[in-house]
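These notes are about the structure you will find just below.
Side chains are part of it too, since the values below use all heavy atoms of this structure and drop only hydrogens, waters and symmetry mates. A, B, ... follow the sequence lines: proteins, then strands. Residue 1 opens every chain.
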Amino acid sequence: MPQGRSLSAEFFNRPAEEVAPALLGKALVRRRERKRTVYRITETEAYVGPHDLASHAARGRTRRTEPMFGPPGSLYIYLVYGMHWMLNVVTGEIDYPAAVLIRSVKTITGPGRLTRALGITGALNAHQASARSGLWFADLGERVVPQEIVRTPRIGVDYAGPVWAEKEYRFLISSPMSSGKHVRQV
DNA sequence: GCAGTGATCATA
DNA sequence: ATGATCACTGCC
């Protein structure tokens with residue numbers, strides 16, 4: 001199975017709202033026990049900076065949020081509701097807290113289900129995404145055109161107040177089935 | 001619809 | 001030390 005070229009830190013060194021759609025169609029690669037599995041990313045969310053009231057970083061630099069202030073391409077993984085690990089990749093320059101939440105890959109929908117299926121826990125928190133850590137991102141060479149990308153408000157962030165809860169920082173690859181139309185393949 | 005679950009953070 | 005909150009999921 002092709003796994004493509006690993007995405008460098010430079011790919012992540014730009015605003016989260018740019019990285020989030022750019023990750024659609026890219027690969028999330030997991031290595032466990034010498035087995036590699038490649039997953040196509042289908043849904044992401046951007047948490048854009050310290051002024052973003054939906055972001056943990058809006059509460060400042062604490063032990064929990066410290067990884068968000070790390071270098072681009074590092075991982076921010078935290079537990080929510082005492083049960084579900086959330087996988088994020090840090091974006092932008094060091095000391096600027098921003099990240100992209102990986103919400104779904106093909107065949108696995110939901111950020112908590114995703115980490116459970118891939119065996120991702122806080123053990124990888126603050127690590128760089130890399131072959132070394134066993135979790136990284138890659139370019140499959142697949143083209144995702146802007147027309148295939150759908151934007152919506154983020155999920156589960158009503159606590160942020162209307163202005164920030166309504167920002168369209170969630171990105172999905174539109175599925176031909178859900179659009180109710182068949183698509184001619186080129 | 002709503003309970004489960006436990007780390008984190010603010011308050012004290 | 002205590003209590004509220006929570007970037008979710010699964011079952012009623």
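- Residues A:F171 and A:V150 are not in side-chain contact: their nearest non-hydrogen atoms beyond the backbone lie 4.5 Å or more apart.
- Of the candidates B:dC9, C:dC8, B:dA7, the closest approach to any side-chain atom of A:R64 belongs to B:dC9.
- With hydrogens and angles ignored, the 3.5 Å screen pairs a side-chain donor or acceptor of A:T44 with a backbone N or O of A:A20.
- Within a heavy-atom distance below 4.0 Å of DNA chain B, no residue of residues 48-61 of chain A is found.
- Using modelled atom types, one finds no donor on one side chain facing an acceptor on the other under 3.5 Å when comparing A:Y47 with A:H56.
- Contacts between residues 118-130 of chain A and DNA chain C, defined by a heavy-atom separation below 4.0 Å, involve no residue at all.
- For A:R151, the CZ atom sits in a packed shell: over 12 heavy atoms of surrounding residues, nucleotides or ligands are nearer than 6.0 Å.
- In this model, the phosphate group of B:dT8 is approached by a side-chain N or O of A:R63 to a distance below 4.0 Å at OP1 or OP2.
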Scan the side chains in residues 156-168 of chain A for donor-acceptor partners under 3.5 Å anywhere in the protein, sequence neighbours excluded, and list what turns up.
{"from": "A:Y159", "atom 1": "OH", "to": "A:A54", "atom 2": "O", "distance (Å)": "2.7"}

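- Side-chain contact check for A:R64 versus A:Y78: some heavy-atom pair is nearer than 4.5 Å.
- No hydrogens or angles considered: nothing links the side chains of A:R30 and A:T37 as a donor-acceptor pair under 3.5 Å.
- Salt bridge absent: A:E45 and A:R154 never bring a charged side-chain N and a carboxylate O closer than 4.0 Å.
- Comparing C:dC6, B:dA7, B:dC9 against the side chain of A:Y159 picks out C:dC6 as the nearest.
- Looking at residues two or more places apart in sequence or on another chain, you find a salt bridge (charged side-chain N to carboxylate O under 4.0 Å, His left out) between A:E142 and A:R40.
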Between the protein and nucleotides 9-12 of chain C, which nitrogen or oxygen pairs are less than 3.5 angstrom apart?
{"from": "C:dT9", "atom 1": "OP1", "to": "A:G110", "atom 2": "O", "distance (Å)": "3.4"}
{"from": "C:dT9", "atom 1": "OP1", "to": "A:P111", "atom 2": "N", "distance (Å)": "3.1"}
{"from": "C:dT9", "atom 1": "OP1", "to": "A:G112", "atom 2": "N", "distance (Å)": "2.6"}
{"from": "C:dT9", "atom 1": "OP1", "to": "A:R113", "atom 2": "N", "distance (Å)": "3.2"}
{"from": "C:dT9", "atom 1": "O4'", "to": "A:H84", "atom 2": "NE2", "distance (Å)": "3.4"}
{"from": "C:dG10", "atom 1": "OP1", "to": "A:R116", "atom 2": "NH2", "distance (Å)": "2.8"}
{"from": "C:dG10", "atom 1": "OP2", "to": "A:R113", "atom 2": "NE", "distance (Å)": "2.7"}
{"from": "C:dG10", "atom 1": "OP2", "to": "A:R113", "atom 2": "NH2", "distance (Å)": "2.6"}

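- Judged by atom type and distance alone, A:Y78 does not reach the base of B:dA7 through any side-chain donor-acceptor pair under 3.5 Å.
- In this structure, the side chain of A:T65 does not engage the main chain of A:M68 through any donor-acceptor pair within 3.5 Å.
- For the strand DNA chain C, secondary-structure stems (runs of at least three Watson-Crick or G-U pairs, all distances below 3.5 Å) span B:1-4 with C:8-11, B:6-11 with C:1-6.
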Under the criterion ring-ring contact (aromatic ring centres under 6.0 Å, His included), I'd like the reasoning laid out for A:F12 against A:F137: C-alpha separation, chi angles, the key distance, then a yes or no.
CA-CA 10 Å; A:F12 298 99; A:F137 298 87; 5.4 Å; yes
Can you list the steps and then say if A:F11 with A:V19 is a side chain to side chain contact (heavy atoms under 4.5 Å, CB included)?
CA-CA 8 Å; A:F11 178 90; A:V19 173; 4.1 Å; yes
